[in-house]
Amino acid sequence: MLPARLTAEDFKTYPPKARAVAVENVALLQDLPLSFTPFLLKEIIGYDWKFPAEQKELDAQLSYLRALWPGKRKREMERFAELRLDPKLDSFDWVNSPAQFLEKLSAHLWATQQLDEFRSASEAYVHKFYETLPEPALPAPRLGIVVLGQGVQGNQYALFRKLRRRGVYFSQVNPAKGLEAIADTLKARAADHPEPYGHWYIDGAGKQFSSTAGLTCISYDELAPVRETLAAKMKAAYESPAFSPEVLRTTLAEIVPATVGMNGEGRDAVLDRFALTLFTEGSGTQIYSTTFVQWAAREALRRAQPLSLWIRYAPRQRERSMDELLAGTRGKAVTDPLGSLIDADMGAYYTWLNQQRLTGADRSGFLVWFEDRTEAVAIGPGLTPGGVDTAAIDVSGLLRKVS
């Protein structure tokens, strides 16, 4: 079926909000080429589980396309329409399985040497769309906080080498009640600027501060049952005679929260979907807590675009063979605090980079602190890059400098 033949009835299996969005835009979807429409449908079909920032962006994209008068929209889609597609793609159920269709489309474009043209057309389209988006006004500057080094007894590794260039290095931090000070700061920000998924706490172990009101909380330990179920599915796929990376990717893409036990009463469906994608789309997130925290922070910033983000690293297990990892030798893992510290140091830098990609980066604050130790780096508008401060200060004082 080609997009021109779409009707409202074709979206009957979509979740409620997604179905409403698709039906409202059916005339637009009919007017787009097959090489483009499934990309919109992939976003629309997941509308019910998107964060508010993602929903606003998708709504804006649909409004942008609807506002183009037919001749201009045709020119906008011309490069997509001119791509040579395999006739077999027409018969695939791209309406209900847009993600799987896009995998086949990508393989076809690569095999027919059209992938570069498609990528170029996509980049041009996205650039034009983003030029039309007004910069949203933030109710407060963004704040990112990274706490790392939990469990480290002795350290000779030079921390924060990349981040020191961006802010002020503090060498005499009083660590007393530092975690409590961070929790209180986020609680106050959440109370002053309440918004769904606007303030996050991500922990590489258990959720020590999960009771803090107004925070979206997620932790590695809490998701252990999900990880174990996914590890069993991955092990089965890995040992199958028909194993291939493509089959494994498709298997993971078809998993829904209920499949891995995330179907209890009162659960947050949006957060459950987010957590599941961390494991089905991330690499190493199922196995290493440091990778989980770094990827969760990246995705939270990219998708939810929160005002506040606090991530706390915990020791990950030592590296083992893939067979051991997939076998899930529960209770036998040995942790590597020092290796985790090095992982987290680089992860903190990546988190700062990802925060800088968001609106209001020039006013945002960022703090990274060696947990229970005296080292920290603070980055913000009033702090001189590359500076060093040897005066005594506590974590509350650091937070005031970046908030």
(request) For this output row, return yes or no: ring centroids of F370 and F160 closer than 6.0 angstrom. (result) no
(request) Quick one: closest heavy-atom pair of F274 and A296, and the distance? (result) CZ-O, 3.7 Å
(message) Under a 3.5 Å distance rule, please check whether R142 uses its side chain to pair with a backbone N or O of S308 as donor and acceptor.
(response) no
Would you list the atom pairs, donor with acceptor, under 3.5 Å between side chains in residues 74-81 and any protein atom, with sequence neighbours excluded?
residue, atom, partner, partner atom, Å
E76, OE2, Y64, OH, 3.2
R79, NE, E117, OE2, 2.9
R79, NH2, E117, OE1, 3.2
R79, NH2, E117, OE2, 3.3
R79, NH2, S120, OG, 2.8

(request) Indicate whether the side chain of R302 and that of N354 have a donor and an acceptor atom separated by less than 3.5 Å. (result) no
(message) Tell me if a side-chain donor or acceptor on Q286 pairs with a main-chain N or O of F279 at a distance below 3.5 Å.
(response) yes
(request) Taking the six-membered ring of Y47 (Phe, Tyr or Trp), confirm whether the NZ or CZ of R19 is under 6.0 Å from its centre and within 45° of its axis. (result) no
(message) Tell me whether H199 contacts the main-chain N or O of P194 through its side chain, where contact means a donor paired with an acceptor under 3.5 Å.
(response) no
(message) Strictly by side chain to side chain donor-acceptor pair (under 3.5 Å), give each pair with a member in residues 31-44 just once, sequence neighbours left out.
(response) D31-R73, E43-K50
(message) Donor-acceptor check, side chain of Q150 to backbone of E371, threshold 3.5 angstrom: yes or no?
(response) no
(message) What I want to check is whether the side chains of E54 and Y197 have a donor and an acceptor closer together than 3.5 Å.
(response) no
(request) Please tell me if the side chains of Y130 and E57 come closer than 4.5 Å, counting only heavy atoms from C-beta onward. (result) yes
(message) For S289 versus G204, what's the shortest heavy-atom pair and its separation?
(response) CB-O, 3.4 Å
(request) Ignoring hydrogens and angles, tell me if any N or O in the side chain of T259 forms a donor-acceptor pair with the backbone of V256 under 3.5 Å. (result) yes
Atom pairs and distances, donor-acceptor, side-chain atoms in residues 166-180, under 3.5 Å, two or more places apart:
residue, atom, partner, partner atom, Å
Y169, OH, E375, OE1, 2.7
N174, OD1, A176, N, 3.1

(request) Ignoring hydrogens and angles, tell me if any N or O in the side chain of S106 forms a donor-acceptor pair with the backbone of E103 under 3.5 Å. (result) no
(message) With a 4.0 Å cut-off on N to O distance, would you call R119 and E123 a salt bridge?
(response) no
(request) Return yes if some donor-acceptor pair links the side-chain N/O of D48 with the main-chain N/O of A18 below 3.5 Å, else return no. (result) yes
(message) Any side-chain to backbone donor/acceptor pair from Q355 onto G365? Under 3.5 Å, distance only.
(response) yes
(message) Centroid separation under 6.0 Å, is that true for the rings of W310 and F366?
(response) no
(message) If I compare all heavy atoms of A205 with all of S219, which pair ends up nearest, and what's the gap?
(response) O-CB, 3.2 Å
(request) Compare every heavy atom of D268 with every heavy atom of L271, then report the nearest pair and how far apart it is. (result) N-OD1, 3.1 Å
(request) Could you tell me whether a side-chain N or O of D336 sits under 3.5 Å from a main-chain N or O of G339, the two making a donor and an acceptor? (result) yes
(message) Between T7 and E9, is there a side-chain donor-acceptor contact under 3.5 Å, judged purely by atom types and distance?
(response) no
(message) If you define the side chain from C-beta out and look only at heavy atoms, does anything of L230 sit under 4.5 Å from I255?
(response) yes
(message) Is any side-chain heavy atom of S364 closer than 4.5 Å to one of P141?
(response) no
Between side-chain atoms of residues 377-402 and protein atoms elsewhere (two or more places apart, or another chain), which donor-acceptor pairs fall under 3.5 Å?
residue, atom, partner, partner atom, Å
D389, OD1, A391, N, 2.9
D394, OD1, S396, N, 3.4
D394, OD1, G397, N, 2.7

(request) Step through the shown structure and confirm whether more than 12 heavy atoms of other residues, nucleotides or ligands are within 6.0 Å of CZ on F118. (result) yes
(message) So I218 and D203, do their side chains get closer than 4.5 Å, heavy atoms only?
(response) no
(request) Please determine, by modelled atom types, if Y288 and Q294 share a side-chain donor-acceptor pair under 3.5 angstrom. (result) no
(message) If we ignore hydrogens and angles and just use 3.5 Å, is the side chain of W352 paired with the main-chain N or O of G144 as donor and acceptor?
(response) no
(message) My understanding is that only residues two or more places apart in sequence, or in another chain, count here; which of them pass ring pair (Phe, Tyr, Trp, His ring centres under 6.0 Å) with Y349?
(response) none
(message) Show the nearest heavy-atom pair for residues L29 and P3, with the distance to one decimal.
(response) O-CB, 3.4 Å
(message) For F11, give me all partners under ring pair (Phe, Tyr, Trp, His ring centres under 6.0 Å), at least two apart in sequence or on another chain.
(response) Y14
(request) Quick one: closest heavy-atom pair of A314 and T290, and the distance? (result) O-CG2, 3.8 Å
